[in-house]
Amino acid sequence: MKRYIVEAIIIALGLTLLGVNIKSGFEKFANKDRKVTVKGLAEREVMANKITWPIVSKELGDYLPALYNNINSTNTAIINFLKSNGISDNEISVNPPKVVDLNSNIYSSNTRGYRYNITSVITVTSSQVAKVREIISKQGELLKQGIAIVDGDYENRISYEYTDFSAIKPEMMKEAISNAQKTAKQFAENSESKLGKIQTASQGQFSIQDRDSNTPYIKDIRVVTTVVYSLED
C-alpha cells in the first residue's frame with residue numbers, strides 16, 4: 001500500500017513539474033515575438049582640431065621668367081608672414097605653380113592683354129586652429145607689401161576637421177545605448193510589460209558635420225544606435 005502511495009506522489013510531482021514546464025514553455029513561446037526596436041541618440045559639439053588653409057596668389061603677364069621671379073618673391077613674403085606669426089616650416093607646403101597659356105586654347109579669343117596666368121598655392125596645415133584663424137584675419141597686412149591674396153575656389157577653400165573622434169566614440173556609444181534603453185523602458189511601461197534583454201544592437205551611425213555655415217570650425221557629432229529589446233509580461 002505504501003508503495004502505491006509513494007508511486008502516486010511521484011507521479012503527481014511529475015505531472016506538476018510537467019505542467020510548470022509546459023506553462024513556462026507556452027509563456028516563452030507567447031513572448032518570443034514580443035519585442036521593441038528603439039533608437040538612441042548622442043550628440044556633441046566640438047571645436048575642430050585641424051585646419052587647412054590654402055593661400056592663393058596669381059601673376060599675370062607675357063614673360064615667363066619675370067612671372068616666375070614675381071611668384072617666388074610673393075611666396076617668400078607669404079612664408080615670412082606666416083613664420084612671423086608663429087607658423088612652423090612643417091606646417092607649410094608650397095605647391096608647384098600652375099601655368100595657363102591663354103593663347104593655347106583654340107576655343108577662346110584672348111582679349112585680356114596678357115598671355116600667361118600663373119597660380120601659386122601655399123598650404124598651411126596645422127592643429128593650431130585658433131592661431132591660424134587669427135592669422136587669416138591679419139592677411140590684409142600683406143596688402144601693404146603689394147601682395148593680394150585671391151579668394152580660394154572650390155578646390156582651395158579653408159577646411160576644418162575634427163580628428164579625435166576615436167577618443168570620444170566609446171563614451172558616445174554608451175550614451176546612445178543608455179538613451180535607447182530609457183526609451184524602451186518607457187515603451188514597456190506604457191504597454192504594461194517588462195523590458196527584457198537586448199536581442200540585437202547596431203554599432204551606430206556616426207556623422208560629423210559643420211554646426212552651421214557661419215561656424216565651420218565648430219563640429220556637430222552625432223551617434224545614432226538601433227537596439228532591439230525583448231518584452232515580457
Side-chain angles (χ1 to χ4, degrees), residues 44-168 207-221:
R44 300 279 178 85
E45 280 189 2
V46 298
M47 296 294 295
N49 61 359
K50 179 181 178 182
I51 182 172
T52 302
W53 175 29
I55 306 171
V56 183
S57 60
K58 289 182 179 291
E59 291 290 338
L60 309 173
D62 297 310
Y63 187 54
L64 279 178
L67 292 176
Y68 273 110
N69 287 336
N70 291 343
I71 281 288
N72 288 333
S73 297
T74 297
N75 287 348
T76 298
I78 292 173
I79 291 172
N80 289 338
F81 167 73
L82 294 172
K83 289 183 177 181
S84 67
N85 282 279
I87 301 301
S88 61
D89 285 327
N90 60 1
E91 295 174 306
I92 301 171
S93 61
V94 182
N95 297 340
K98 179 181 177 181
V99 181
V100 176
D101 186 345
L102 300 175
N103 290 345
S104 65
N105 188 346
I106 61 175
Y107 299 104
S108 174
S109 58
N110 183 10
T111 59
R112 297 177 177 84
Y114 51 84
R115 179 174 178 178
Y116 298 107
N117 181 341
I118 301 182
T119 302
S120 176
V121 180
I122 295 176
T123 304
V124 176
T125 305
S126 176
S127 60
Q128 303 181 84
V129 177
K131 179 183 287 292
V132 175
R133 291 189 65 240
E134 182 181 354
I135 297 172
I136 292 173
S137 68
K138 295 179 179 179
Q139 62 181 307
E141 295 178 8
L142 291 170
L143 290 174
K144 298 176 182 179
Q145 303 178 47
I147 298 172
I149 303 301
V150 181
D151 286 338
D153 54 18
Y154 181 79
E155 294 181 352
N156 294 303
R157 291 181 178 177
I158 300 173
S159 66
Y160 298 89
E161 300 174 59
Y162 181 74
T163 62
D164 286 342
F165 177 65
S166 59
I168 64 173
S207 66
I208 302 177
Q209 58 188 10
D210 298 345
R211 185 181 67 177
D212 55 65
S213 59
N214 295 320
T215 55
Y217 49 88
I218 301 177
K219 300 298 181 181
D220 181 28
I221 302 180

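Since the structure is predicted, the reported quantities are computational estimates derived from the model, not experimental observations.
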Colleague: For the atom pair CD1 (Ile149) and CG (Leu142), what is the distance rounded to the nearest 0.5 Å?
Modeller: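 Going from the CD1 atom of Ile149 to the CG atom of Leu142 covers 5.0 Å.
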Colleague: Check ring-ring contact (aromatic ring centres under 6.0 Å, His included) between Phe81 and all other residues, then give those that pass, not counting sequence neighbours.
Modeller: none
Colleague: Provide the closest heavy-atom pair for Pro216 versus Ser213 in the form atom of the first, atom of the second, distance.
Modeller: CD-O, 3.8 Å
Colleague: Indicate every side-chain donor-acceptor pair of residues 129-139 with a distance under 3.5 Å to a residue at least two apart or in another chain.
Modeller:
from   : atom 1 : to     : atom 2 : distance (Å)
Ser137 : OG     : Glu134 : O      : 2.5
Gln139 : NE2    : Ile136 : O      : 3.1

Colleague: About how many Å separate CG of Leu67 and CD1 of Ile118, when rounded to the nearest 0.5 Å?
Modeller: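 Those atoms lie 4.5 Å apart.
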Colleague: Can you tell me how far NZ of Lys219 sits from CD of Gln209, rounded to the nearest 0.5 angstrom?
Modeller: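 So the gap between those two atoms works out to 9.5 Å.
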Colleague: Side-chain donor-acceptor pairs under 3.5 Å in residues 56-63, sequence neighbours left out?
Modeller:
from  : atom 1 : to     : atom 2 : distance (Å)
Lys58 : NZ     : Thr119 : OG1    : 2.6
Asp62 : OD1    : Arg115 : N      : 2.6

Colleague: Using the rule given for side chain to side chain contact (heavy atoms under 4.5 Å, CB included), can you reason through Asp101 versus Tyr116, listing the C-alpha separation, both sets of side-chain angles and the distance that settles it, and then say yes or no?
Modeller: CA-CA 5 Å; Asp101 186 345; Tyr116 298 107; 3.9 Å; yes
Colleague: Measuring from Ile51:CD1 to Glu91:CD, what's the distance to the nearest 0.5 Å?
Modeller: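 Separation between the atoms: 10.5 Å.
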Colleague: Provide the full list of salt bridge (charged side-chain N to carboxylate O under 4.0 Å, His left out) pairs with a residue in residues 63-83, sequence neighbours left out, each pair given once.
Modeller: Lys83-Asp89
Colleague: Show me the donor-acceptor pairs within less than 3.5 Å that the side chains of residues 158-166 make with the rest of the protein, sequence neighbours left out.
Modeller:
from   : atom 1 : to    : atom 2 : distance (Å)
Thr163 : OG1    : Asn49 : OD1    : 3.2
Thr163 : OG1    : Asn49 : ND2    : 3.1
Asp164 : OD2    : Asn49 : ND2    : 3.1

Colleague: How long is the gap from CD1 on Ile79 to CD1 on Ile92, to the nearest 0.5 Å?
Modeller: 6.0 Å
Colleague: Quick one: list whatever passes side chain to side chain contact (heavy atoms under 4.5 Å, CB included) with Ala77, sequence neighbours left out.
Modeller: Gln145, Ile147
Colleague: Classify the side-chain pair Asp212/Thr215 by whether it contains a donor and acceptor separated by less than 3.5 Å.
Modeller: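 Side chains of Asp212 and Thr215: pair found under 3.5 Å.
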Colleague: Could you grab the distance from atom OG1 of Thr74 to atom CD1 of Ile122, nearest 0.5 Å is fine?
Modeller: 8.5 Å
